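One structure is given here, and the rest of the page talks about it.
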Number of protein chains: 2
Amino acid sequence: MNKIEYNLDQTDHAILRLMQENARISNADIARELGMAPSAILERIKKLEQREVILQYRTKINPAALDQTLLSFIFIRAADGIGCATTGQALAAIPEVQEVHDIAGDDGYLVKVRTADSAALVELMRNSFAKIPSIISTRTTIVLETVKEEQQLVIPE
Amino acid sequence: MNKIEYNLDQTDHAILRLMQENARISNADIARELGMAPSAILERIKKLEQREVILQYRTKINPAALDQTLLSFIFIRAADGIGCATTGQALAAIPEVQEVHDIAGDDGYLVKVRTADSAALVELMRNSFAKIPSIISTRTTIVLETVKEEQQLVIPE
DNA sequence: ACTGAAAGCTGGCCTCG
DNA sequence: CGAGGCCAGCTTTCAGT
């Protein structure tokens with residue numbers, strides 16, 4: 001497992017800054033902003049996608065519009081061996097599970113789940129979580145209000 | 001604070017499903033997929049944006065490409081009065097802080113932070129967190145590996 | 001690695017069913 | 001609410017530097 005060199009220059013950073021904010025910006029608009037030809041921008045974007053600097057383009061939908069207003073974080077203790085990540089993969093396969101993080105200490109996972117309400121959360125835990133045999137215990141934390149929720153990275157320059 | 005009715009139909013759901021997966025899909029492609037005219041799709045998308053069903057279009061960038069490989073969750077106990085959310089807002093203003101959730105119990109916040117390494121995390125806590133006087137205590141959990149990290153919602157039909 | 005030109009296609013608007 | 005037509009402007013390719 002080598003460390004990959006990405007070697008992004010200021011132009012790449014500027015493109016990423018614009019696209020991170022608005023994934024549907026046109027190449028022509030980026031080109032105007034940076035004083036370059038649209039074809040040059042297109043070429044760079046394609047390379048950024050190829051080198052997996054850009055991972056995907058996502059539309060953020062209002063959870064309330066789809067009746068998924070309850071957000072919860074669940075700590076999960078699991079009986080995985082070291083380096084064996086089957087529990088994590090089983091959790092990741094559940095669509096209501098948005099995030100699965102392997103965390104330090106307690107041989108555990110931190111999981112982020114979105115459901116309609118607490119009844120749906122209980123049902124999800126009974127139906128999906130209970131079927132993962134390696135889970136030892138869970139501790140659920142309910143979110144009352146989300147103040148900020150972004151995946152925006154800090155881009156230099 | 002009224003509950004808003006969104007009243008999305010199957011066509012809206014189909015559009016959201018396609019756009020959630022790929023924010024840069026063209027209206028023409030959506031139209032072909034659904035067997036409709038592009039102008040009809042355009043109209044629906046505009047209404048979805050207007051009604052804030054669609055919140056934003058985001059490009060997901062590889063954190064490793066920008067040297068931000070350390071992900072941490074921090075529990076923060078704060079001395080806010082009930083309903084008074086100044087601590088949350090101060091936390092949200094920090095760019096490295098990706099998420100701030102007001103959580104039930106312990107009058108606390110759960111915060112998600114991305115930094116280059118543990119040294120940068122320590123520095124961030126010394127420089128930024130320490131300047132928020134209402135913070136009583138913090139407990140930091142380091143992420144060893146992220147198995148899944150999406151904001152994709154489950155869309156019916 | 002960027003520019004500029006050329007071809008085809010798309011976005012956005014309008015009118016009509 | 002959606003189809004179809006229209007044109008400016010966009011995407012994409014390619015030769016040239």
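Remember, it's a predicted structure, so these values are computed and weren't measured experimentally.
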Item to check | Residues, nucleotides or ligands: over 12 heavy atoms within 6.0 Å of A:Glu157 CD | outcome: yes
Checklist entry - So where does chain A start and stop touching DNA chain D, 5' to 3', when the test is distance under 4.0 Å to a non-hydrogen atom? => result D:dC10 to D:dT13
Could you state the interatomic distance from [atom1] ([X]) to [atom2] ([Y]), rounded to the nearest 0.5 Å?
X	Y	atom1	atom2	result
B:Ile132	B:Ile76	CD1	CD1	6.5 Å
A:Ile45	A:Gln50	CD1	CD	13.0 Å
B:Asn27	B:Ile41	CG	CD1	7.5 Å
B:Arg114	B:Leu70	CZ	CG	9.0 Å
B:Leu18	B:Ile30	CG	CD1	6.0 Å

Checklist outcome for this item: Judged by nearest nucleotide, the residue sitting upstream toward the 5' end of DNA chain D, B:Arg24 or B:Thr11, is B:Thr11
Are a donor atom and an acceptor atom from the side chains of [X] and [Y] found within less than 3.5 Å of each other?
X	Y	result
B:Glu145	A:Tyr109	no
A:Tyr57	A:Glu49	yes
A:Thr140	A:Ser72	no

Using the 3.5 Å cut-off, write out each protein N or O paired with an N or O of nucleotides 6-10 of chain C and the distance between them.
{"residue": "C:dT10", "atom": "OP1", "partner": "B:Arg32", "partner atom": "NH2", "Å": "3.1"}

Item to check | Check: B:Pro156 main-chain N/O paired with B:Arg17 side-chain donor or acceptor under 3.5 Å | outcome: yes
Next on the checklist: What residues from residues 35-46 of chain A pass a heavy-atom cutoff of under 4.0 Å to DNA chain D?
Outcome noted: A:Ser39, A:Leu42, A:Lys46
